[in-house]
Amino acid sequence: MIALQIGLTLAIICNALFIIEQRLAFSERPSGVSDEADVFVIENQWRGHPSDLPGRVGTDLAALRSLPGVVDATVSSTYPLGGPIMGLGITLHPDQPRSGTAVAAYLADQYTLPTLGLRLIAGRNFRPDEITDQAQPGIGSGSKGLSGVIVSRASALKLDPSGNVIGRVIVLEPSLLTAPIIGVVARLQGATPAPLAAFAGNSMLVPYRLVGPYAFYLVHSKPGQTAVVMRAAQRKLFQVSRARAIVRIQTLAEARRVVYSNDRGLALALGLVCAALLAVTAWGIIGLSSYWVTQRRRQIGIRRALGGTRLAIVRYFQTENLLITVMGIVVGIGVAIGGNLWMVSRFALPRMDERYLLVGAAIVLVLGQLAVLWPALRAASVPPAEATRTV
């Protein structure tokens, strides 16, 4: 029973450690924004149905850029690490159904790259004459067409493994608009992080300036001035017009904590489960070993009377428990591998690395030896006089 308990504990611990590391690594992936603590987002919603939205949005952005401590500002339909999701399919070969890839789309203008601090590794930024005002977050409705798009490096590699996509024309699905790729940024994460690491960096910037009733103002402040600029930005916007509601204002660092809170919570919960399992297993070993000591007091006394040392008695119980633990580890490794293969097929998780099995086995092995130590010391304290007692 103890061997089976050890095996089950090992299997759960190995897979739990694997999931914990996966979720923590997932929550720490870079978004592509140069400094998330110095970039903040203002969710702005206009009251009523104003007809001069392009002018209002332009006035707001000019007011934000005029504030001391502001590096740049822009408007978009969403933002990294938060906001609504707008997904598109893009392909270089529309006649090949499996050649496309899904991307997260951002409405962007010539100020988006400097505001977010995105690193352009190929091509160029948008020009002012390429930007089209768009009243809705969607792509294609009411537009004059796309003069070009900027994609992330991950998207470029999905389209072409060489990454050489500058100047090539893509087709956007489902709108079927075509657009040349004019730039590639090193990294840009989607608005809401994708659950699979392989798709989290697939994104694209399209040359639309959102001038709708609901939008996100993104502001890049100078280092160390973010808190002051955030307060000044709210006051400035209400000075420009009070016919608005600021739904939320937060830095992208705060948005990261919010969007990944479930992942950190899952890691904590699994950590507590592992600790509880280890405690239960340890107490099981202690209880069974104590029972063995009680049942074998006369045999232990006989061995002590024949010259057995305390160290020999301790070594005996440690060796016996080691054999049981090794049996449990063998069973646990098999169950752990089987459980991981099931999760790979069911949830599209990556395969578990062998080091998780080694770490889990080491934890269980050390735990078993530590748990049996106290009963072994009790056994070593049995006096030789126990050999003369009858049952």
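In this structure, Leu358 is not a member of the same hydrophobic cluster as Leu17, with clusters built from ILVMFWY side-chain heavy atoms closer than 4.5 Å. Cluster annotation: Tyr316 is connected to Ile2 through the hydrophobic network of ILVMFWY side chains, with a link wherever side-chain heavy atoms come within less than 4.5 Å. Residues Leu278 and Leu288 share a hydrophobic cluster, clusters being chains of Ile/Leu/Val/Met/Phe/Trp/Tyr side chains in contact below 4.5 Å. Ile363 and Leu277 fall into different hydrophobic clusters, where Ile, Leu, Val, Met, Phe, Trp and Tyr are joined by side-chain heavy atoms under 4.5 Å apart, directly or via other members.
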Exercise. Evaluate ring-ring contact (aromatic ring centres under 6.0 Å, His included) for Tyr79 paired with Tyr106, printing each intermediate quantity in order.
Key: CA-CA 8 Å; Tyr79 58 95; Tyr106 290 85; 8.9 Å; no
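At a threshold of 4.5 Å between non-hydrogen side-chain atoms, the residues Phe126 and Ile182 count as touching.
In the model, Tyr217 has no side-chain atom that pairs as donor or acceptor with a side-chain atom of Glu43 under 3.5 Å. At a cut-off of 3.5 Å, with distance as the only test, no side-chain donor of Ser152 or Asn202 sits close to an acceptor on the other residue. Using modelled atom types, one finds no donor on one side chain facing an acceptor on the other under 3.5 Å when comparing Glu36 with Thr251. Thr115 and Thr74 share no side-chain donor-acceptor pair at under 3.5 Å.
Salt-bridge annotation for Arg168 and Asp160: present, with a side-chain N of the basic residue lying under 4.0 Å from a carboxylate O of the acidic one. In this structure, Arg296 pairs ionically with Glu320, as a charged nitrogen and a carboxylate oxygen lie closer than 4.0 Å.
Annotation: salt bridge (Lys or Arg N to Asp or Glu O under 4.0 Å) contacts involving residues 261-279, sequence neighbours excluded, comprise Arg23-Asp263.
Test Thr178, Thr132, Leu172, Ile170 against Leu146 for side-chain contact (heavy atoms from CB on, under 4.5 Å) and you get one pass: Leu172.
More than 12 heavy atoms of other residues, nucleotides or ligands shown are found within 6.0 angstrom of CZ on Arg187.
In this structure, Arg65 is positioned above the aromatic face of Tyr111, its NZ or CZ under 6.0 Å from the six-membered ring centre and within 45° of the axis.
Through direct or relayed side-chain contacts under 4.5 Å between Ile, Leu, Val, Met, Phe, Trp and Tyr, Trp283 connects to Ile286, Trp374.
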